[in-house]
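None of these values were measured; they are calculated from a predicted model. Because only heavy atoms are used, hydrogens play no part in the values below, and waters and symmetry mates are left out as well, while side chains stay in.
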Amino acid sequence: MNHYFVHDTPIGELILEANLDYLIKISFNRKHFLNRVKSSSPKKNLILEKTVEQLDEYFFNNRKFFTINYLLDTTCFFKKVLKEVSLIKFGKVKSYKQIARILKNKNAYRAVANANARNPLPIIIPCHRVIRSSGEIGGYKGGFINKKYLLSLENKTDSFF
């Protein structure tokens, strides 16, 4: 049985989902899903508690990396992409093309973008740190404004290269 928690952050409400051992998903507030989550009875879950604590530290105390056990239920290629994305350091960015090259498939930048778009754990796996090779911010399932906020939170100078 999975447990849910709605957590208010500077970029809006995030819906956290976990089982007893792993964080499974972070979703941006979607009203139809949120109503179902709010109607379920909250139960204590250590993974959710730790996630909330670390997210708050990230937003308010400059936490630079997360130490939450998570489970990725996705394809092998997407796991490789998301593992590479998880290695991007706080305050740094990489382009979709750079990640494709690191994965030894320089033409797979669209597939890399697709993997980022389907990242089940935004912020924890920092897909907001992946931008276009032109230097433009690019897309983000949490919205352009939230991606810009997260990048600004991590890099006060707004200079990534």
Are any side-chain N or O atoms of [X] and backbone N or O atoms of [Y], one a donor and one an acceptor, separated by less than 3.5 Å?
{"X": "K64", "Y": "K89", "value": "no"}
{"X": "N45", "Y": "I47", "value": "yes"}
{"X": "R132", "Y": "S134", "value": "no"}
{"X": "K97", "Y": "N107", "value": "no"}
{"X": "N146", "Y": "G142", "value": "yes"}

Taking C-beta and beyond as the side chain, do [X] and [Y] meet within less than 4.5 Å on heavy atoms?
{"X": "D56", "Y": "H7", "value": "yes"}
{"X": "V85", "Y": "V112", "value": "no"}
{"X": "T67", "Y": "Q54", "value": "yes"}
{"X": "K50", "Y": "V52", "value": "no"}
{"X": "P10", "Y": "L153", "value": "no"}
{"X": "V6", "Y": "L14", "value": "no"}
{"X": "V130", "Y": "V93", "value": "no"}
{"X": "L20", "Y": "H3", "value": "yes"}

Between Y149 and Y140, ring centroids under 6.0 Å
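No; Y140 has its ring centre 6.0 Å or more from that of Y149.
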Determine whether more than 12 heavy atoms belonging to other residues, nucleotides or ligands lie under 6.0 Å from atom CG of L87.
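Yes - once you tally the heavy atoms of other residues, nucleotides and ligands closer than 6.0 Å, there are more than 12.
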So with a 6.0 Å cut-off around CZ of F65, is the heavy-atom count from everything else above 12?
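No.
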At their closest point, which heavy atom of [X] faces which heavy atom of [Y], and how far apart are they?
{"X": "A18", "Y": "L48", "value": "CB-CD2, 3.7 Å"}
{"X": "N119", "Y": "K141", "value": "O-NZ, 2.5 Å"}
{"X": "E17", "Y": "N2", "value": "OE2-ND2, 2.7 Å"}
{"X": "S95", "Y": "Q98", "value": "N-OE1, 2.6 Å"}
{"X": "I131", "Y": "L151", "value": "CG2-CD1, 4.3 Å"}
{"X": "F78", "Y": "A111", "value": "CE1-O, 4.2 Å"}

With clusters built from Ile, Leu, Val, Met, Phe, Trp and Tyr whose side-chain heavy atoms come within less than 4.5 Å, directly or transitively, what are the remaining members of the cluster of I102, listed by chain and number?
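Via sub-4.5 Å side-chain contacts, I102 links to none.
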Would you mind listing the cluster partners of L71? Hydrophobic ones only (ILVMFWY), side-chain contacts under 4.5 Å, chaining allowed.
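Answer for L71: Y22.
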With clusters defined by side-chain heavy atoms of hydrophobic residues (ILVMFWY) lying less than 4.5 Å apart, directly or transitively, does I68 cluster with L46?
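No; tracing contacts between hydrophobic side chains, which count when under 4.5 Å, never links both residues.
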Any chain of hydrophobic side-chain contacts (each under 4.5 Å) joining I24 to L72?
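No, because I24 and L72 fall into different hydrophobic clusters, even though each may have its own neighbours under 4.5 Å.
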Residues R110 and N114: side-chain donor-acceptor under 3.5 angstrom
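R110 vs N114: no donor-acceptor pair found between side chains.
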Using distance alone, with no hydrogens and no angle criterion, decide if H128 and N116 have a side-chain donor and acceptor under 3.5 Å apart.
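No, no side-chain donor-acceptor contact under 3.5 Å.
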With sequence neighbours left out, write down each residue that passes side chain to side chain donor-acceptor pair (under 3.5 Å) with N105, or none if nothing qualifies.
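Side chain to side chain donor-acceptor pair (under 3.5 Å) check on N105 returns nothing, list empty.
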Is E154 salt-bridged to R129, going by a charged N under 4.0 Å from an acidic O?
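Salt bridge present between E154 and R129.
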Can you label the angle between the F66 ring and the Y58 ring as parallel, tilted or perpendicular, going by 30° and 60°?
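Aromatic pair F66/Y58 classed tilted.
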Any chance you could lay out the side-chain contact (heavy atoms from CB on, under 4.5 Å) test for T74 and R118, step after step, and finish with the verdict?
CA-CA 9 Å; T74 189; R118 290 191 170 100; 6.0 Å; no
